[in-house]
Amino acid sequence: IVRKMILDSLHYWVEEMHVDGFRFDLASVLSRGENGELLKNPPILWDIESDTILTKTKLIAEAWDAGGLYQVGSFVGDRWQEWNGMFRDDVRRFFRGDPGKTRTLAPRLIASPDLYGHEQREPEQSINFITCHDGFTLNDLVSYNQKNNLANRENNRDGSNENYSWNCGIEGITNSPEIESLRNRQVKNFLAVTLLSLGTPMILMGDELRRTQKGNNNAYCQNNETSWFDWSLQEKHPDILRFLQEVIRLRSDLGITYNIRKSELNRVLKKNKIEWHGIKLHQPDWSDSSRSLALFIHNRINNRLIYVALNSYWEPLEFELPPVDRKSPWKMVINTGETSPADTTSYKKAPAVSGPVMKVQSRSVVVLVADYRDSIPNESMQ
């Protein structure tokens with residue numbers, strides 16, 4: 001009876017309300033039997049997946065539940081996409097500067113093959129996100145070390161206690177230009193990595209304008225300024241909005257996510273040349289002390305070369321660059337270490353990068369792009 005009620009409800013929302021898709025909260029509970037046991041083939045999940053009325057809808061699972069079941073990478077069904085909670089946590093911890101996070105960050109940038117490189121999973125099944133309706137907003141993620149939920153009248157016991165956040169030096173709202181500049185940079189870092197990683201990006205509305213809940217990470221019960229959208233933020237943070245718009249445009253224009261559609265993840269990774277580097281070419285540092293990583297991609301679909309340098313260290317670092325032909329030099333399309341509008345630009349207008357080494361500012365992301373040429377003579381390398 002409950003299964004029929006669920007399907008009837010979904011049918012109504014699709015046929016009468018014209019909803020395009022659904023995100024199932026704590027979806028792993030649907031994998032449990034009547035006694036709470038984990039089912040190998042949960043009937044309701046297959047009912048939803050095979051239903052003819054729902055065949056063109058998007059199905060997204062929050063692949064865990066309140067009972068401790070965690071199914072990220074193993075949620076039952078072929079059509080289901082999953083909120084990648086590992087992406088959220090590993091990217092947050094890398095840019096917070098936690099030790100040993102370089103080696104866990106790497107697979108997140110390429111659609112988490114450690115989670116989805118099986119059963120012919122597709123890159124788009126990984127929903128990459130940093131923030132959502134639960135937890136800190138992106139602004140609060142870089143502004144608060146501790147949650148501030150007293151207004152919820154549960155003595156600050158509600159909401160997650162571990163947010164992997166960092167306040168950039170001062171807790172909460174500040175007028176310090178230095179702290180605000182660093183927070184802006186961190187926000188751009190998170191947005192850039194979310195948009196440039198292989199998989200399906202998800203952005204929380206308001207993060208493009210640094211919407212704040214003043215440290216409340218469980219504001220579902222606040223029907224007031226805490227949870228309302230302040231449209232005047234468009235005038236306060238136009239640089240963040242512009243940055244996100246430009247990175248979305250770059251993602252599309254440059255085929256920076258390999259222009260893949262419905263391709264099995266392992267095949268995508270094999271088809272495109274991918275290399276890992278550190279500040280030295282071909283020497284990624286996977287140690288606990290590492291705070292930097294570089295990713296080189298040859299997108300063979302459109303013959304683009306893409307180089308992404310990530311520095312979560314508190315000092316600038318110099319990265320050795322892969323050589324390219326002088327006739328098609330590296331162009332810097334993103335540099336979160338610069339202020340707007342120099343933080344991102346189109347490929348055609350992007351400045352060329354000369355020399356074998358590039359300085360990347362502290363806590364920043366740089367993306368370079370070049371056209372691939374079949375032969376790169378030694379004398380023309382730079």
[X] bridged to [Y] by N-O distance under 4.0 Å:
| X | Y | answer |
| --- | --- | --- |
| Arg249 | Asp253 | no |
| Arg32 | Glu37 | no |
| Glu320 | Lys280 | yes |
| Arg3 | Asp47 | yes |
| Asp343 | Arg242 | yes |
| Arg92 | Asp90 | no |
| Arg210 | Glu180 | yes |
| Asp98 | Arg291 | no |

So does [X] have more than 12 non-hydrogen atoms from other groups sitting under 6.0 Å from [atom1]?
| X | atom1 | result |
| --- | --- | --- |
| Gln146 | CD | no |
| Tyr12 | OH | no |
| Asn175 | CG | no |
| Asp20 | CG | no |

Check: Leu368 and Leu321 side chains under 4.5 Å, non-hydrogen atoms =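 Result yes, sub-4.5 Å side-chain heavy-atom pair found.
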Please tell me if the side chains of Asn156 and Lys147 come closer than 4.5 Å, counting only heavy atoms from C-beta onward.
-> yes
Where Leu265 and Gly117 come nearest, the two heavy atoms and their spacing =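 Residues Leu265 and Gly117, closest heavy atoms: CD2-N, 4.0 Å.
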Identify the heavy atoms of Ala294 and Gly278 that sit nearest to each other, and give their distance.
->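 Heavy atoms only, the tightest pair is CB-O, 4.1 Å.
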Hey, does the Lys NZ or Arg CZ of [X] hover above the aromatic six-ring of [Y], less than 6.0 Å from the centre and inside 45° of the axis?
| X | Y | value |
| --- | --- | --- |
| Lys359 | Phe319 | no |
| Lys188 | Phe243 | yes |
| Arg304 | Tyr347 | yes |

same_hphob_cluster(Phe87, Trp64) at 4.5 Å side-chain heavy-atom cutoff =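 Yes, because Phe87 and Trp64 connect within a single hydrophobic cluster, where side-chain heavy atoms sit under 4.5 Å apart.
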